[in-house]
Amino acid sequence: MNLKSRSVLRIVPMAAVMGTIYILSAQPGDTMSLPQLPGVDKLAHTAIYGVLALAILFSFNQPIKKRDLKRVLLLTVSYCLVYGITDEF
């Protein structure tokens with residue numbers, strides 16, 4: 001498998017998590033069976049966006065992460081914020 005194919009495959013988990021967030025956020029809140037605990041929806045948001053951040057970090061190859069970790073982290077947070085904002089509208 002060449003480098004380009006591996007690079008494309010590294011994006012698959014990110015796309016899967018984004019698709020899952022999109023599908024779940026399109027459902028009315030009362031159709032989801034979350035435990036009746038205060039703040040459980042916030043915890044669920046934090047967890048799924050944490051998984052998205054990990055998937056985005058995975059999409060960057062190792063040499064880029066080693067060379068410019070601050071930029072990779074900034075891009076990861078930016079992608080999560082932009083996706084979260086666009087998902088709300």
Original post:
What distance do Leu69 atom CG and Leu74 atom CG have between them, rounded to the nearest 0.5 Å?
Top reply: 11.0 Å

Subject >> Mutual orientation of the aromatic rings belonging to Tyr49 and Tyr83 [parallel < 30°, tilted 30-60°, perpendicular > 60°] >> reply: tilted

**OP:** Establish, yes or no, whether the cationic atom of Arg10 lies under 6.0 Å from the six-membered ring centre of Phe58 and within 45° of the ring axis.
**Re:** yes

Original post:
Do Ile11 and Leu52 belong to the same hydrophobic cluster, where Ile, Leu, Val, Met, Phe, Trp and Tyr are linked whenever their side-chain heavy atoms lie under 4.5 Å apart, directly or via other members?
Top reply: yes

Original post:
CD1/Ile56 to CG/Leu73 distance, rounded to the nearest 0.5 angstrom?
Top reply: 11.5 Å

Subject >> CZ-CZ distance between Arg71 and Phe60, expressed to the nearest 0.5 angstrom >> reply: 8.5 Å

Subject >> Separation of Thr86 OG1 from Met18 CE (nearest 0.5 Å) >> reply: 7.5 Å

Original post:
Hey, quick one: are Val77 and Val17 part of the same hydrophobic cluster, counting side-chain heavy atoms closer than 4.5 Å, chains of contacts allowed?
Top reply: no

**OP:** Using the rule that two of Ile, Leu, Val, Met, Phe, Trp, Tyr join whenever any of their side-chain heavy atoms come within less than 4.5 Å, decide whether Leu81 and Leu57 are in one cluster.
**Re:** no

Subject >> hydrophobic_cluster_shared for Ile64 and Met14, side chain cutoff 4.5 Å >> reply: yes

**OP:** Working to the nearest 0.5 Å, report the span between CG of Leu24 and NE2 of His45.
**Re:** 9.5 Å

Subject >> Distance (rounded to the nearest 0.5 Å) between Asp87 CG and Cys80 SG >> reply: 12.0 Å

